[in-house]
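Just so it is clear, the model here is predicted, and its values are computed rather than measured.
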Amino acid sequence: MDQGSFTSGGTESKRQRTPASTLRSKLPSPWFHADMLKFMPDSSVISDVIPSANYGDRRGNRAPDMVVLHYTGMQDAESALARLCKAGTEVSAHYVVLEDGRIVQCVPEARRAWHAGTSQWAGETDINSCSIGVEIINGGHDWGYPDFPSRQIAAVIALCRGITIRRKIVKHRVLAHSDIAPDRKKDPGEKFPWRLLASSGVGHWVRPARISKGPALTLGAAGEDVMALQERFAAYGYAVPRTGQYDSGTMDVVTAFQRHFRPERVDGLADPSTIATLQALLDSRPADAPHLTPLPPHSMT
C-alpha cells in the first residue's frame, strides 16, 4: 500500500473463509463517494465491486500503460479493504486480490487510484496517472511475510493478463511497488513469483545469472564501474542517481532490482550475477530501447 504497513488482528484461516458479503458489510456506505456506488467492473474475473472513496481523474486524460503490483502489508483482508476504501485515508487501488483467489475492484480503471505515492519510473513521476494498481492480500515483511497461495497467484495472473491485453501494456511495464519506490518500499517482495507470472505472459523476466564468488560493487565504491551500472539501471527505468558514487540511493535500487529479478540473494551488492541479470534484461528489451556502450572492465572493490 502507498501509506506503509497497517496493523490489525485476525488469523489466516479466518481471512480465507470471509465471504464477500461479510467484507462488504464491514464497509459502511457513508465511507463511499456517491458517484462510485454504481460502476461496472472492467474485468470478467472480478468477484465483487467494493467502491473506494479515494480516487481522482487521470491527469491529462492519460491512458494507463503500466501495472504496479503491491502487497497490502496488513494482517487481514477486511482491514486492508477498509483502509483502501474509507474516505480520508488517501490510499486506494483499482483491484484487491484475496488469498482464496477472489478479486475485488475498488476503483474503475478509467480513474486515478492512489496506490503509488512518491514514485518514479522511466522519467515519469505521476505514476498514479499512468498505472493500474493491484493490491495483493499479504502481511508482508512486517507480518511474517507468508507465502502467496497458488490460487491467489493464479488470480493475479488472470487479472493482469486481461489488463495487459486490453490496455496493450508492454511486459516491462508490469512492475513492483519496490521498483518505482526503491527507497521506501519492499512489496510485493522476493517471495512473489515473478518467473511464474512471466511464463504465463505477464511481466518481463530472464533467468537470473548464477550466483558465484566474485568481487562486487558495494557502498562507498566510486568510478566508471559505478557510473556504468547506474546508467543501465536508469536505462531500464529505475530512478537512480547517476553520480558515479555507490551511495545509499544506488544500493536501494540494487536491492529493489534483486527482490524482483534475482530473489535468491537480496543484499544490495552489485555482484556479477546482479550485473549480468540486468544486462540480460536490457538485451531482451524491444529494439527501440536506449543504446548503451559495453560495461568497462572493473575490479569491483
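Between M66 and W121, the shortest heavy-atom contact is CE-CD1, 3.9 Å. Closest heavy-atom contact between T274 and A270: CB-CA, 4.4 Å. The two residues S43 and R166 come nearest to each other via the heavy atoms CB-NH2, 4.2 Å. The two atoms that bring E109 and R58 nearest to each other are O-NH2, 2.8 Å, heavy atoms only. Across all non-hydrogen atoms, the minimal contact from Y95 to I163 is CE1-CD1, 3.8 Å. Contact between L229 and V254 at its shortest, heavy atoms only, is CD2-CG2, 4.5 Å.
A donor-acceptor pair under 3.5 Å links the side-chain atoms of Q152 to the main chain of I137, judged by distance alone. Side-chain atoms of S200 come within 3.5 Å of backbone atoms of L196 as a donor-acceptor pair (strictly under, hydrogens ignored). The backbone N or O of V96 sits nowhere less than 3.5 Å from a side-chain atom of E135 that would complete a donor-acceptor pair. In this structure a side-chain-to-backbone donor-acceptor pair under 3.5 Å is present from N128 to A116. Remark: the backbone N or O of A113 is not paired with any side-chain donor or acceptor of N54 at under 3.5 angstrom.
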>> side chain to side chain contact (heavy atoms under 4.5 Å, CB included) for H204 and V174? Distances and angles first, verdict last.
In response: CA-CA 7 Å; H204 188 203; V174 178; over 6 Å; no

> Run the side chain to side chain contact (heavy atoms under 4.5 Å, CB included) check on F257 and L281 step by step: do they pass?
Replying inline: CA-CA 11 Å; F257 176 84; L281 285 162; 3.5 Å; yes

> Passes side chain to side chain contact (heavy atoms under 4.5 Å, CB included), H94 versus V107? Steps please.
Replying inline: CA-CA 4 Å; H94 295 92; V107 178; 3.9 Å; yes

>> For a side chain to side chain contact (heavy atoms under 4.5 Å, CB included) check, start with the C-alpha distance between I180 and H177, then their side-chain angles and the critical distance, and finish with the verdict.
In response: CA-CA 6 Å; I180 63 172; H177 198 187; 4.0 Å; yes

>> With side chain to side chain donor-acceptor pair (under 3.5 Å) as the criterion, how do D247 and T250 come out once you've worked through the C-alpha distance, each side chain's angles and the decisive distance to 0.1 Å?
In response: CA-CA 5 Å; D247 53 15; T250 301; 2.9 Å; yes

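Under the 4.5 Å side-chain criterion, counting only non-hydrogen atoms from C-beta, V253 is in contact with P182. The shortest side-chain heavy-atom distance between L98 and S47 does not fall under the 4.5 Å cut-off. Residues C106 and C85 are in side-chain contact: their nearest non-hydrogen atoms beyond the backbone lie under 4.5 Å apart. Between T125 and Q120 the shortest side-chain heavy-atom distance falls below 4.5 Å.
Counting non-hydrogen atoms of other residues, nucleotides and ligands closer than 6.0 Å to CG of D283 gives a total above 12.
Here the options are D187, V156, N138, the test is side chain to side chain contact (heavy atoms under 4.5 Å, CB included), and the partner is F192; only V156 passes.
In the model, D179 has a side-chain atom that pairs as donor or acceptor with a side-chain atom of Y238 under 3.5 Å. Residues S284 and H172 bring no donor and acceptor atom of their side chains to less than 3.5 Å of each other.
Between R167 and D42 there is no salt bridge, since none of the side-chain N atoms of the basic residue sits less than 4.0 Å from a carboxylate O of the acidic one.
Aromatic ring orientation, Y236 versus F261: perpendicular (interplanar angle above 60°, classes split at 30° and 60°). Ring geometry for H260 against W194 counts as parallel: the plane angle stays under 30°, on a 0 to 90° scale with 60° as the upper cut.
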